[in-house]
Amino acid sequence: MRIIAISLLAIPAFLAACGGPSEVAAAPPSVSYQVTGNDVGQAGVNAERYCQQYGRSAQFQGIQQGPSGNVAVYSCSRSR
């Protein structure tokens, strides 16, 4: 019974890990995502989706070194 319960708890964590870059911080008008190396492809898609909620578009600001690896930083700009 415990094995089933642990397995059920592990499934959402596994799916979250497979969903692409994880959001590190979000405070309009900016958002940042944990990325692997310099691969910002999916992070850019996620940032655009995030900024669209506020009627803005994502502008890539660069990659910063974070305590857990690289972080892609985006600002949400009014211009499209």
Side-chain angles (χ1 to χ4, degrees):
M1 188 63 150
R2 280 186 177 171
I3 293 173
I4 293 171
I6 292 171
S7 296
L8 291 176
L9 292 173
I11 291 171
F14 175 74
L15 292 175
C18 295
S22 60
E23 190 173 288
V24 175
S30 65
V31 64
S32 30
Y33 296 93
Q34 187 82 37
V35 295
T36 302
N38 292 328
D39 183 6
V40 297
Q42 186 60 47
V45 172
N46 293 355
E48 190 62 38
R49 187 176 305 128
Y50 173 82
C51 292
Q52 283 179 352
Q53 321 175 71
Y54 303 101
R56 299 176 179 210
S57 63
Q59 300 287 321
F60 179 64
Q61 300 299 307
I63 295 177
Q64 298 177 353
Q65 184 67 4
S68 300
N70 289 344
V71 176
V73 179
Y74 295 84
S75 65
C76 297
S77 171
R78 290 186 195 270
S79 63
R80 288 220 172 240

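If you read the sequence from its start, that first residue is 1, and numbering goes on from there.
- For CD of E23, the number of neighbouring non-hydrogen atoms (other residues, nucleotides, ligands) closer than 6.0 Å is greater than 12.
- A donor atom on one side chain and an acceptor atom on the other are found under 3.5 Å apart for Q61 and S75.
- Residues satisfying the side chain to side chain contact (heavy atoms under 4.5 Å, CB included) test with V24, not counting sequence neighbours, are S32, Q34, V71.
- Hydrophobic clustering places V31 together with F60 (ILVMFWY residues linked when any side-chain heavy atoms are closer than 4.5 Å, directly or through intermediates).
- Shortest non-hydrogen contact noted between Y74 and A58 is CD2-CB, 4.2 Å.
- In this structure, Q52 and S57 have side chains that are not in contact, with every pair of non-hydrogen atoms separated by 4.5 Å or more.
- Interatomic distance, E48 CD to R56 CZ, rounded to the nearest 0.5 Å: 12.5 Å.
- Under the 4.5 Å side-chain criterion, counting only non-hydrogen atoms from C-beta, V73 is not in contact with S30.
- In this structure, the side chains of C76 and Y50 come closer than 4.5 Å at one or more pairs of heavy atoms.
- Judged by distance alone, with hydrogens and angles left aside, the side-chain atoms of N38 form no donor-acceptor pair with the main-chain N or O of V40 at under 3.5 Å.
- When every heavy atom of N46 is checked against every heavy atom of P21, the shortest pair comes out as ND2-O, 3.8 Å.
- At least one donor-acceptor pair under 3.5 Å links the side chain of N70 to the backbone N or O of G37.
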